Each structure stands twice: as C-alpha cells, then as structure tokens.
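Worksheet: the structure to be examined is printed underneath.
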Amino acid sequence: MTTTDPDPMLAAHGVTVRFGGLLALNEVNLEAQPGSVVGLIGPNGAGKTTLFNVLSGLITPNAGHVAIRGRPHPRLRPHHLAGLRIARTFQGLNLFPGMTAVDNVAVGADRHARASWLTALTGLGRAARDERELRQRAMSALAEVDASEYAFALPATLPFGVQKRVALARALVSEPEVLLLDEPASGLSEEELTTLGARIRTLSERMTVVLVEHHMDLVMSVCDHIVVLNFGEVISTGSPDEVRNDPKVTQAYLGEPAEDNHA
Ligand SMILES: Nc1ncnc2c1ncn2[C@@H]1O[C@H](COP(=O)(O)OP(=O)(O)OP(=O)(O)O)[C@@H](O)[C@H]1O
C-alpha cells in the first residue's frame with residue numbers, strides 16, 4: 001500500500017472556456033479517481049455540457065487542460081478517446097436510424113475492430129472471423145444492458161429507454177476505462193432509473209464513471225464524489241452528503257444569492 005494518492009483517471013485543470021464575451025467555464029477543476037463515480041451537477045446554463053465537451057475533446061479550452069491518468073492532453077480530440085480507453089454517451093443518443101441495434105453497438109468498437117467489420121460488410125477480404133468476433137462483442141454489450149432481444153431491431157422501433165441502453169452498450173463495447181454519461185437518467189421511468197443506478201455502480205467496479213445529470217436522486221445515490229457548477233464556476237465539491245448540505249448549492253438551485261455574497 002502506498003500513502004500517495006494515485007493519479008486521477010481523468011482530470012480537468014484550470015479549464016476556462018469563452019464563447020465570445022460569455023465566460024462559460026472559469027478555471028474549473030475536476031478529478032475522477034480510478035473506479036469512482038463522479039457527478040457533475042448545476043442549474044441550467046451552469047457549464048456542465050461545456051465541461052463534458054472539453055473532457056471528451058469536442059471543445060479545446062481557452063486555458064487549462066484535460067489530464068488522463070496524470071498525463072496532460074492539451075490538444076485532446078474526440079478521435080483520441082478510443083485509444084485512451086474513454087467512451088461517452090450523448091444526450092441525443094446519436095444512434096444511426098438505418099442500422100440495427102447490434103450494428104449500432106458495433107460502431108462503438110475500436111478503430112481496428114471497426115475497420116475489420118467494414119471490410120467484412122463490404123466483402124473485401126479475410127475478415128469474416130473478425131466480423132464474427134466483433135458481432136459477439138456487440139451482442140455481449142447488449143446483454144450487459146439487458147437488450148439482447150432487441151439486437152436486430154431498428155432504433156426507431158424501440159422504446160426510448162431501450163434506445164438509451166443501446167447507446168450505452170455502444171459506449172461499453174470498446175471496454176473503456178472511463179465512461180462519460182451525458183444525462184443518463186433523462187426520459188427514463190422510475191423503474192428504469194433504479195436499474196440504471198445499480199448498473200452504474202456495477203460498471204464502476206471496472207471503470208471510472210463521470211456523469212452529467214439533473215436527476216438528483218440518481219446523482220445522490222450513485223456518486224462517490226460530486227462537482228457543482230454555477231455560472232461556469234465550481235461552487236461546491238465533495239461527497240453527496242457534503243454537497244447536499246452545502247448552502248451554496250441550495251442557493252444556486254433556488255436562484256438566491258449565497259450569504260457570503262452579502263458580506
Ligand atoms: N456554442 C455555444 N456558443 C455560445 N454560448 C454557448 C455555447 N454553448 C453553451 N453556451 C453558453 O454557455 C453557458 C453554459 O452552457 P452549458 O450548455 O455548458 O450549460 P449546462 O450546465 O450544460 O446547461 P443545461 O443544464 O441547461 O444543459 C450557457 O450560458 C450557454 O448559453
């Protein structure tokens with residue numbers, strides 16, 4: 001055992017993002033320790049999506065950087081994520097309407113496997129075995145999210161909750177070490193929420209999970225650590241209990257000024 005903390009699996013250091021004159025993020029820090037579930041919360045417009053987009057390389061910050069396993073990645077781009085063992089889901093799901101669920105999941109596989117799969121699809125070579133293996137992996141990912149029975153259905157024919165599970169399976173098929181979940185609870189029934197919470201905890205046994213979420217019950221029940229943003233600044237961090245009992249957080253959600261501000 002060492003007394004030194006390991007490097008965070010994923011971190012944002014001093015991240016600042018400006019959209020023209022708007023300061024969307026102001027020197028924001030976030031750390032996700034290996035195997036933890038980190039929740040990113042805050043009122044509408046707080047900067048959560050912007051930070052998520054920085055963490056997944058969609059936005060390059062004006063200042064600060066993302067570090068992965070302790071290594072800075074100042075020029076992180078979305079196509080680097082698979083190689084870095086990071087996967088993300090999107091609020092809009094982004095499933096391909098003309099492809100079956102299992103083919104949508106296979107799209108999430110790493111570039112090498114995907115290339116073999118495309119080769120197989122186009123009949124261009126010796127990749128039948130690779131294609132079978134990839135199909136098997138995609139089926140396993142669907143099984144993990146209890147969606148095996150929908151493997152050969154088109155996304156539009158599936159209930160929204162199942163579509164979300166297919167999108168999650170697509171993120172899982174690459175065996176990520178970091179999973180970024182963008183509003184995983186939105187649009188789900190109470191029963192689906194309970195299952196989702198248990199699933200996130202199970203996933204955290206083998207990967208680090210960071211989620212942006214408005215659903216407080218889910219956040220409070222699954223997260224080890226929470227970061228609260230308001231107007232682009234981190235106003236509170238800590239365990240669910242610490243954050244829940246922080247008056248700055250209540251005030252941010254109620255839209256009232258914090259007491260400190262009166263001083
Ligand atoms: N591409 C953009 N161009 C200009 N302003 C933007 C852009 N994206 C976000 N913003 C602004 O940046 C701020 C932070 O937005 P962001 O979407 O990150 O907040 P959020 O916490 O995810 O909000 P919500 O919970 O409503 O999704 C908001 O004021 C938003 O209007």
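Sequence positions, counted from 1, serve as the residue numbers for this chain. We count ligands from 1, going down the list as the structure has it; atoms in each ligand are counted the same way. All of these numbers come straight from a predicted model, not from anything done at the bench.
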- prompt: What do you think, any protein heavy atom under 4.0 angstrom from atom 25 (O) of ligand 1?
  reply: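 Given the 4.0 Å limit, the answer for atom 25 (O) of ligand 1 is yes, a protein heavy atom qualifies.
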
message: Test your reading of the structure: does Leu22 have an N or O sitting under 3.5 Å from an N or O of ligand 1?
response: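 Between Leu22 and ligand 1 (N or O atoms, distance only) the closest approach is not under 3.5 Å.
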
query: With only distance considered, is Glu183 within less than 3.5 Å of ligand 1 through an N or O on each side?
result: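 Looking only at distances, the answer is no, because the N/O contact criterion of under 3.5 Å is not met.
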
query: Charged N to carboxylate O below 4.0 Å: is that the case for Glu144 and Arg206?
result: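 Salt bridge: yes.
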
- prompt: Hey, are Asp146 and Arg199 close enough for a salt bridge, meaning a charged N less than 4.0 Å from a carboxylate O?
  reply: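 Looking at Asp146 and Arg199, the cut-off is met.
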
Enumerate the atoms of ligand 1 whose separation from the nearest heavy atom of [X] is less than 4.0 angstrom.
X: His214; value: 25 (O)
X: Ala46; value: 19 (O), 20 (P), 21 (O)
X: Ala24; value: 12 (O)

query: Counting only heavy atoms not in Phe96, do more than 12 fall under 6.0 Å of its CZ?
result: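 Atom CZ in Phe96 is not packed in, count stays at 12 or less.
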
field: Over 12 foreign heavy atoms within 6.0 Å of CZ, Phe231
entry: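 Incorrect, the count does not exceed 12.
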
- request: State if Gly47 counts as touching ligand 1 under the rule of any non-hydrogen atom under 4.0 Å.
  value: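 So Gly47 counts as touching ligand 1.
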
Side chain to side chain donor-acceptor pair (under 3.5 Å) assessment of Ser236 paired with Asp246: CA-CA 7 Å; Ser236 185; Asp246 185 339; 2.7 Å; yes

To check your reading of the model: name the closest protein heavy atom to [atom], its residue, and the distance in Å.
atom: atom 6 (C) of ligand 1; value: Phe19 CD1, 3.3 Å
atom: atom 22 (O) of ligand 1; value: Thr49 OG1, 2.6 Å
atom: atom 18 (O) of ligand 1; value: Thr50 OG1, 2.5 Å
atom: atom 14 (C) of ligand 1; value: Gly45 O, 3.4 Å

- prompt: Can you tell which of His215, Lys164, His214 makes a side-chain hydrogen bond (donor to acceptor under 3.5 Å, both in side chains) with Ser186?
  reply: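 Testing each of His215, Lys164, His214 against Ser186, the sole residue satisfying side-chain hydrogen bond (donor to acceptor under 3.5 Å, both in side chains) is Lys164.
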
field: Asn230 side-chain N/O to Ile235 backbone N/O, donor-acceptor pair under 3.5 Å
entry: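 Here the side-chain-to-backbone pair does not exist.
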
- prompt: Could you go step by step and tell me if Asp103 and Arg135 meet the salt bridge (Lys or Arg N to Asp or Glu O under 4.0 Å) rule?
  reply: CA-CA 8 Å; Asp103 283 344; Arg135 178 65 66 113; 3.3 Å; yes

